[in-house]
Amino acid sequence: MVDPTRTAAWRALRAHHEEVSDLQVRELFSDDPDRAARFSLTLNDLLFDYSKNRVTEQTISLLTELCEECGVRDWIARMFSGEAINETEGRAVLHTALRNRGDRSVTVDGADVMPDVRRVLLQMRDFATSVRDGTWTGHTARAITDVVNIGIGGSDLGPVMVTEALRPYWKQGLRAHFVSNIDGTHLSEVLRQVQPETTLFIIASKTFTTQETLVNARSARRWLVERLGTEDAVAKHFVAVSTNREAVVEFGIDPAQMFEFWDWVGGRYSLWSAVGLCIATIIGMDHFEELLAGAYEVDEHFRTAPLRENIPVIMAALGVWYHNFFGASSHAVLPYDQSLHRFAAYLQQADMESNGKSASRDGAIISEYTTGPVVWGEPGTNAQHAFFQLLHQGTHLIPCDFIVAAQSHNPIPSHQDILVANCIAQAEAMMCGKTADEARRELELSGLSTDQVTALVPHKTFAGNRPSTTLMVEKLTPRALGRLVALYEHKIFVQGVIWNIYSFDQWGVELGKQLAKAMVPELSGSEGEHDGSTRQLIAYYRRHKGSRT
Ligand code: G6Q
C-alpha cells in the first residue's frame with residue numbers, strides 16, 4: 001500500500017508543477033510542430049489526442065513514474081488474474097472476463113470462470129434471438145414489442161446508456177424502456193406506453209433484494225396479472241438477471257428464465273454481463289458481442305501496453321495531474337453525440353461511486369490529498385449554450401474530455417460538419433483563449449469609442465490554457481462504444497490505485513438506505529428518534545400526504 005504523496009514521483013511532480021504551471025499550451029504548440037503527434041495515441045480507429053493538456057514530456061514521464069511507484073502494473077495483473085482485489089467485500093473484480101474474447105482462462109478460487117461466462121452468453125443469444133424473431137411470445141401468443149428493464153444503479157445506468165447510444169441498431173418494431181426510480185411516476189409513465197400482451201419485463205438485480213427494483217417489479221407484475229387475468233401470464237412476460245437464484249424463485253420467476261452472473265462482477269461494471277440482456281435483445285446478440293469485442297481490445301491494450309503508451313493510464317495520470325496538483329475538483333465529459341446523452345450520468349456512477357472514498361486501503365483517513373473528482377457533462381452542442389461560459393471564463397479550472405465520431409448514423413446534409421467543427425473549435429478556444437490585445441483590436445475594428453473598448457476588454461478576454469483531451473472515433477458502432485466505456489473503466493481503476501483507495505466497494509450508499517427503510521413506517525404513524533429538522537419534515541409529510549400513497 002503506497003501513500004502517493006510519499007513517492008519520489010509525487011515530490012518531483014510538486015516541484016515540476018511550480019516550474020510548468022505558467023506554461024501556455026498554445027506556445028508549446030508553436031515551439032514544437034510535432035506536439036500533436038507526440039501527445040496522441042491510437043487504438044484501431046480511436047484517436048486519443050491529449051496534446052492540448054498542460055503537460056510536457058517531463059510531466060508525462062513523472063506521471064508514469066508515479067504509476068510505477070504506486071504499483072499500477074502489479075494491480076493491473078492482479079485484477080486480470082482474478083485476485084480478490086475488492087478487499088472490503090472479499091471479491092475478485094473480473095468484468096474483463098465477461099468480454100474475454102480470447103482463449104485465456106480466468107480463474108477465481110482455482111476454477112476457470114470462462115465456461116460459465118460462455119454458457120450465459122449462449123443463453124442470452126438464444127433468448128434475445130427468440131424475442132427478436134417472434135418465436136418467444138407473450139401469454140396470448142403475440143410477439144413482444146416492448147422490453148422494460150427494471151433495475152437501478154449499476155443494473156440500470158449501463159444498460160440505458162448503451163441502449164440509447166446504439167439506437168441505430170435497434171430492431172424495428174421492438175422498443176426499450178427503463179424503470180429505475182421508486183417514484184411511481186417512472187413506472188406509470190412506461191406502463192402507459194406499452195400493452196401487457198406484448199411487453200417483456202427484465203428484472204435486473206444482482207442481489208434481488210434492492211427495494212426500488214423489487215417494489216417496481218411487484219407493481220409491474222400486478223399490472224400484468226390484472227390485465228391478462230391470470231398469474232400464469234408471469235412466465236411469458238418476466239425474466240430475471242441476478243446472482244440470487246433463491247430470491248428470483250421466491251419472486252415467482254422460473255429459474256429457467258433466470259440469467260446468471262456472479263459476485264465478481266461489480267454492479268457498475270455489469271453491463272457486459274447478463275445485465276446487458278436488455279441491450280442484447282434490442283440491438284441483437286451479434287451487436288452485443290461487438291460491444292464486448294471493443295472492450296476486449298481495450299483490455300488487451302491496458303494489460304500489455306507500456307504505461308507511457310497506455311491510453312487509460314494516461315487518462316488517469318492527466319486526471320491526477322489536474323486534481324492533485326492544480327486543484328481541479330471536477331472533470332467535464334462532453335460527448336458531441338446526441339446518442340451519448342446518458343454517458344455522463346453513466347460515468348458519474350462509474351467514477352464517483354468507485355473513487356469517492358476518503359479511507360485509504362490501510363484504513364487511515366486520507367488528509368494529505370484529495371480523491372475522486374466530481375464528474376459531470378452533457379452532450380455538445382447543447383452544453384455550449386448552457387455551462388460553457390464557466391468553462392471558458394469562470395474561475396475554476398475544469399479539464400474537459402471531448403468525444404466525437406467522424407460519421408453520423410443520421411447524416412443530414414451539413415449537420416455533421418457543423419457538429420464536429422463546434423467540438424474541435426471549442427477545444428481550440430479553450431486552449432488558445434483570446435488575449436486582451438486581441439480583444440482590443442477586435443473591438444476597435446467594430447468602431448466603438450476608446451472608453452467603450454477599454455470597458456469591454458476584460459469581459460471579452462479569454463485566459464485560455466484550459467486543458468482538454470479529445471477522443472475521436474470513425475463512427476459510434478457497438479465496438480467503438482465498447483472501447484470507449486472500457487477506457488473510462490480502466491482509467492477509474494488506475495486512479496483508485498494511485499489514490500490508494502478501494503475502487504470496487506460502495507459502503508457510502510448504505511447509511512441512507514438503512515435510515516430510509518426504518519423511516520417508511522414512521523411516515524404512516526409510528527414514532528422514531530430524530531433531530532428537529534427530520535421530525536419537522538416527517539410531520540409535514542404526514543399532514544399533507546393524502547390518502548393514496
Ligand atoms: C454499483 C452499485 C449499485 C447497484 C444498485 C443495484 O456498483 O453496487 O449501484 O448496482 O444498488 O443493485 P442490485 O443490482 O443488487 O439491485
Side-chain angles (χ1 to χ4, degrees), residues 79 85-96 98 120 148-163 178-183 186-187 201-221 238-251 253 258-279 342 344-357 372 375 485-486 488-490 492-493 495-496 501-517:
M79 176 171 77
I85 61 164
N86 175 1
E87 198 158 314
T88 63
E89 296 181 333
R91 290 174 184 162
V93 175
L94 277 179
H95 41 284
T96 52
L98 301 166
V120 175
V148 179
N149 189 81
I150 299 184
I152 196 166
S155 300
D156 168 69
L157 283 159
V160 72
M161 181 276 286
V162 171
T163 308
F178 296 86
V179 175
S180 50
N181 202 326
I182 189 64
D183 180 347
H186 207 177
L187 180 63
F201 293 93
I202 299 177
I203 313 304
S205 175
K206 181 174 170 182
T207 56
F208 232 76
T209 58
T210 303
Q211 188 181 43
E212 291 95 325
T213 299
L214 289 190
V215 172
N216 275 324
R218 281 192 209 106
S219 301
R221 187 172 64 179
F238 276 76
V239 299
V241 175
S242 189
T243 59
N244 186 348
R245 195 183 181 87
E246 278 168 27
V248 168
V249 172
E250 197 187 314
F251 179 86
I253 294 177
M258 169 177 156
F259 297 80
E260 189 189 0
F261 65 115
W262 308 273
D263 71 357
W264 41 261
V265 182
R268 56 192 170 277
Y269 297 88
S270 65
L271 73 89
W272 320 98
S273 73
V275 168
L277 184 64
C278 169
I279 307 171
R342 295 299 287 159
Y346 163 80
L347 260 194
Q348 282 179 326
Q349 181 193 29
D351 198 314
M352 292 157 76
E353 201 166 68
S354 298
N355 288 341
K357 312 278 164 70
V375 176
V485 176
Y488 278 95
E489 284 180 345
H490 293 321
I492 292 164
F493 170 57
Q495 292 192 326
I501 53 181
Y502 286 123
S503 295
F504 297 104
D505 60 18
Q506 56 284 313
W507 299 108
V509 300
E510 292 303 321
L511 178 61
K513 276 200 234 172
Q514 279 166 15
L515 296 186
K517 253 194 189 139

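As the structure lists them, so they are numbered: ligands from 1, and atoms in each ligand from 1. Note that the structure is a prediction, hence the values are computed from the model and not measured.
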Check your understanding: For ligand 1, is there an atom lying under 4.0 Å from some heavy atom of Glu212?
Key -> no
Exercise for review: Looking only at non-hydrogen atoms, find the nearest pair between Ile501 and Ser354 and report the distance.
Suggested key: CD1-O, 4.5 Å
Review point. How close does the nearest protein non-hydrogen atom get to atom 15 (O) of ligand 1, and which residue and atom is it?
Key: Thr207 OG1, 2.6 Å
**Study point:** Contact summary for Tyr269 and Leu98, nearest pair of heavy atoms
**Key:** O-CD1, 4.5 Å
Practice item. Sequence neighbours left out, what pairs pass salt bridge (Lys or Arg N to Asp or Glu O under 4.0 Å) with at least one residue falling in residues 266-277? Key: Arg268-Glu353
Check your understanding: Just checking, Arg221 and Phe251: is the charged tip under 6.0 Å from the six-membered ring centre and within 45° of the axis?
Key -> yes
**Study point:** Aromatic ring pairing Phe504/His95, orientation class (parallel under 30°, perpendicular over 60°, tilted between)
**Key:** tilted
Exercise for review: Go through ligand 1 atom by atom and flag the ones less than 4.0 Å from a non-hydrogen atom of Gln506.
Suggested key: 7 (O), 8 (O)
Revision key, fill the gap. Ligand 1 to Gly267, heavy atom cutoff 4.0 Å, flagged ligand atoms 1 (C), 7 (O), 10 (O)
Practice item. Identify, by atom number and element, the atoms of ligand 1 in contact range of Ser205, meaning under 4.0 Å from any of its heavy atoms. Key: 13 (P), 14 (O), 15 (O), 16 (O)
**Study point:** Closest approach of any protein heavy atom to atom 4 (C) of ligand 1, naming residue and atom
**Key:** Gly154 N, 3.8 Å
Check your understanding: Which option, Glu353, Gln211, Glu89, owns the non-hydrogen atom nearest atom 2 (C) of ligand 1?
Key -> Glu353
Review point. Taking side chain as C-beta onward, heavy atoms only, is Asn86 less than 4.5 Å from Thr88?
Key: yes
Exercise for review: Identify, for atom 12 (O) of ligand 1, the protein heavy atom at the shortest distance, and state residue, atom and that distance.
Suggested key: Thr210 OG1, 3.4 Å
Practice item. First locate atom CD1 of Ile253, then atom CE of Met258, and finally report the distance between them rounded to the nearest 0.5 Å. Key: 10.0 Å
Point to revise | Among Lys513, Arg268, Gln349, closest by any non-hydrogen atom to atom 9 (O) of ligand 1 | key: Gln349
Revision key, fill the gap. shortest atom 5 (C) of ligand 1-to-protein heavy-atom contact is with Ile152 O, 3.5 Å
**Study point:** Any N/O pair Lys206/ligand 1 closer than 3.5 Å
**Key:** yes
Review point. When only distance counts, is Ser155 in polar contact with ligand 1, meaning an N/O pair under 3.5 Å?
Key: yes
Review item, side-chain donor-acceptor pairs of residues 150-163, under 3.5 Å, at least two apart:
residue : atom : partner : partner atom : Å
Thr163  : OG1  : Pro159  : O            : 2.6

